[in-house]
There are 2 protein chains.
Amino acid sequence: MPTRARRTQRRNQVLSRERILDTAIGLLDSGGEGALTVRAMTDRLATGSGAIYYHVGNRDELLDAATESVITAALSTRSAGARATPEDEIRAVALALFDAIAEHHWLATRLTLQIIRNPVGPVTVGIFERLGRQVGALGVPRPRWFDAASTLVHYILGAISQNARVEGDTSGIDPDADREEFFDQTSRAWRDLDAESYPFMHAIVGQIREHDDREQFLTGIAVVLDGLARLR
Amino acid sequence: MPTRARRTQRRNQVLSRERILDTAIGLLDSGGEGALTVRAMTDRLATGSGAIYYHVGNRDELLDAATESVITAALSTRSAGARATPEDEIRAVALALFDAIAEHHWLATRLTLQIIRNPVGPVTVGIFERLGRQVGALGVPRPRWFDAASTLVHYILGAISQNARVEGDTSGIDPDADREEFFDQTSRAWRDLDAESYPFMHAIVGQIREHDDREQFLTGIAVVLDGLARLR
DNA sequence: ACCTGAACACCGTTCAAGT
DNA sequence: ACCTGAACACCGTTCAAGT
């Protein structure tokens with residue numbers, strides 16, 4: 001009875017890489033990078049620290065694996081159908097990443113880090129391949145495909161990193177109220193700046209309160225796409 | 001003799017905020033964020049840990065102050081003369097930030113963090129004001145100035161963050177050789193990817209070795225400027 | 001093979017005490 | 001006012017020992 005034997009043999013394996021990754025992501029979501037401690041992990045998983053190291057190597061690899069897990073899931077949204085324009089496909093990927101970071105603020109720092117340090121991994125390659133395929137259809141000549149894809153990736157990463165709220169802001173019950181107050185405070189502070197030294201800040205002080213992050217992101221994408229279409 | 005009295009009184013103040021900031025930046029430059037420990041600071045400054053806390057509050061504030069110091073210096077390069085185009089001025093600011101991050105890799109993470117957390121501070125305001133002033137001359141209508149400046153900032157921050165090499169790479173004697181080898185490894189790894197699943201990566205595998213980070217950055221800026229000029 | 005948990009080296013931060 | 005340095009709580013990581 002090999003089935004029964006195997007079952008018995010594995011009865012004590014309560015831990016799995018997946019379970020570890022899930023609790024790590026849970027910890028990160030609730031309290032940012034600072035909340036991901038080995039001791040918090042052992043508490044939630046009811047094990048010793050050695051058990052975790054048996055499965056994941058170290059904290060940094062755990063963070064990378066969590067990043068990979070979230071990003072891979074975000075990118076796995078089905079590609080738009082064949083009829084969709086390249087612009088639609090780019091927007092779909094960009095918004096998927098935008099939403100992933102909105103849900104997991106710790107991703108902002110970690111995503112940038114991983115693309116820098118591991119250009120060969122599925123995160124970097126996945127994002128580049130998915131976006132890059134479209135630039136040809138956009139009218140970009142072949143020898144400039146790398147420049148074009150890089151520009152797109154750089155803009156998207158910069159924008160979504162900037163839209164992630166500060167880590168550890170577990171406080172607010174109503175996140176939207178926090179957001180309103182945050183922008184109110186910011187625009188008040190900008191208004192208090194010296195008008196002669198900061199004419200531009202004064203000119204836009206009303207716009208920060210009215211703007212919508214997501215719409216502004218799409219405007220930025222449109223600007224870049226427009227520029228790319230004219231890249232010769 | 002008030003002068004003499006003051007001098008005597010201060011003879012024991014060997015520490016100053018400026019000296020602390022300088023050694024912190026030195027530590028960060030040589031070994032990344034991980035190298036900035038209070039103990040390393042007390043060693044270099046030959047003091048106790050309390051002395052540092054007397055001047056700077058805590059480690060996070062020290063990191064923010066170091067960021068502010070470097071960015072303020074980078075932005076203080078004189079504005080281009082009155083004859084310069086808005087495009088020239090934007091390029092000058094963008095390259096100043098690019099160079100600052102090239103020299104201080106730890107800035108990538110910290111700059112993004114500070115802009116998110118402290119939109120009222122001199123770093124955020126300095127960058128926005130300096131870049132934002134130009135968008136009007138670029139042809140962007142007033143109600144869209146905030147969108148335009150944000151797009152510019154997001155692209156620049158994304159691009160320079162992505163160009164910062166990994167922290168703690170103090171190893172190489174010749175940084176250019178490291179760079180070459182890094183791109184060689186990357187392009188080899190990309191070539192090894194499945195050609196059917198990753199047609200785009202295969203298409204650009206030669207371009208990564210030939211490209212120049214700085215030129216690619218300027219191309220990206222040109223793309224965004226081009227798009228902004230058509231923003232209505 | 002998988003897990004336990006004590007032990008280690010190293011953190012950031014505080015604070016009574018000195019000058 | 002400015003600085004010292006021991007003490008504290010808390011890290012990530014290792015490893016002999018168990019099953």
Side-chain angles (χ1 to χ4, degrees), chain A residues 2-25 27-28 30-67 106 109-110 113 167-168, chain B residues 2-25 27-28 30-67 106 109-110 113 167-168:
Chain A
T3 311
R4 195 177 181 276
R6 218 195 255 147
R7 217 179 258 150
T8 313
Q9 196 181 330
R10 293 205 175 172
R11 204 180 39 180
N12 279 0
Q13 191 195 336
V14 287
L15 232 47
S16 67
R17 205 183 136 84
E18 204 193 356
R19 216 160 82 85
I20 290 175
L21 240 52
D22 283 347
T23 64
I25 293 171
L27 245 18
L28 287 164
S30 65
E33 230 179 270
L36 183 71
T37 68
V38 177
R39 274 148 182 94
M41 291 286 292
T42 58
D43 279 359
R44 285 212 180 180
L45 292 167
T47 46
S49 56
I52 291 166
Y53 283 90
Y54 180 80
H55 287 278
V56 290
N58 61 34
R59 201 189 102 111
D60 209 57
E61 280 180 30
L62 181 55
L63 245 354
D64 278 345
T67 303
W106 50 275
T109 302
R110 272 286 147 179
L113 219 58
E167 290 174 12
Chain B
T3 313
R4 195 176 181 278
R6 217 194 254 145
R7 217 178 258 147
T8 313
Q9 196 182 329
R10 291 202 175 172
R11 206 179 41 184
N12 279 2
Q13 189 194 335
V14 286
L15 232 50
S16 67
R17 205 183 136 84
E18 205 194 356
R19 214 159 85 83
I20 290 175
L21 240 52
D22 283 347
T23 64
I25 293 172
L27 246 18
L28 288 163
S30 65
E33 231 180 270
L36 183 71
T37 68
V38 177
R39 274 149 183 93
M41 291 287 291
T42 58
D43 279 358
R44 285 213 180 180
L45 292 168
T47 45
S49 56
I52 291 165
Y53 282 90
Y54 179 80
H55 287 279
V56 291
N58 62 35
R59 201 188 103 110
D60 209 58
E61 280 179 30
L62 181 56
L63 245 354
D64 278 345
T67 303
W106 49 275
T109 302
R110 272 287 147 177
L113 220 56
E167 290 174 12

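Below, chains carry the letters A, B, ... as their sequence lines are ordered, and counting in each starts from 1.
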[X] to [Y] - nearest heavy-atom pair and separation:
X	Y	answer
A/A66	A/L28	CB-CD1, 4.2 Å
A/V56	A/R17	CG1-NH1, 4.4 Å
A/L27	A/S30	O-OG, 3.0 Å

I'd like to check the side-chain contact (heavy atoms from CB on, under 4.5 Å) partners of [X]; sequence neighbours left out, ordered by chain and number.
X	value
A/L21	A/L62, A/A65, A/S69
A/A51	A/L15, A/T47
B/Y53	B/V38, B/N58

Using heavy atoms and a sub-4.0 Å distance, could you list which residues of residues 48-57 of chain B are near DNA chain D? By number, please.
B/G48, B/S49, B/G50, B/A51, B/Y54, B/H55
Please state how far atom [atom1] in [X] lies from atom [atom2] in [N], giving the value in whole angstrom units.
X	N	atom1	atom2	value
A/L27	D/dC11	CG	P	11 Å
B/N58	C/dT13	CG	C1'	9 Å
B/L62	C/dT13	CG	C1'	14 Å
B/D60	C/dC11	CG	P	18 Å
B/E61	C/dG12	CD	P	15 Å
A/I20	C/dC2	CD1	P	11 Å

Heavy-atom contacts under 4.0 Å between residues 36-46 of chain B and DNA chain C, which residues?
B/L36, B/T37, B/V38, B/R39
Salt bridge (charged side-chain N to carboxylate O under 4.0 Å, His left out): pairs with one or both residues in residues 35-59 of chain A, sequence neighbours excluded
A/E33-A/R59
To the nearest 0.5 Å, what is the distance between CG (B/L63) and CD1 (B/I25)?
10.5 Å
Just verifying a value: how many Å separate B/S16 OG and B/D22 CG, rounded to the nearest 0.5 Å?
8.0 Å
Suppose we screen for side chain to side chain donor-acceptor pair (under 3.5 Å). Which residues come up paired with B/D60, at least two apart in sequence or across chains?
B/R110, B/R117
Please, what dot-bracket string fits DNA chain C when only Watson-Crick and G-U pairs with both distances under 3.5 Å count, crossing ones use [ ] and pairs to another strand use |?
||.|||||...|||||.||
Within 6.0 angstrom of B/R19 CZ, more than 12 heavy atoms from elsewhere:
yes
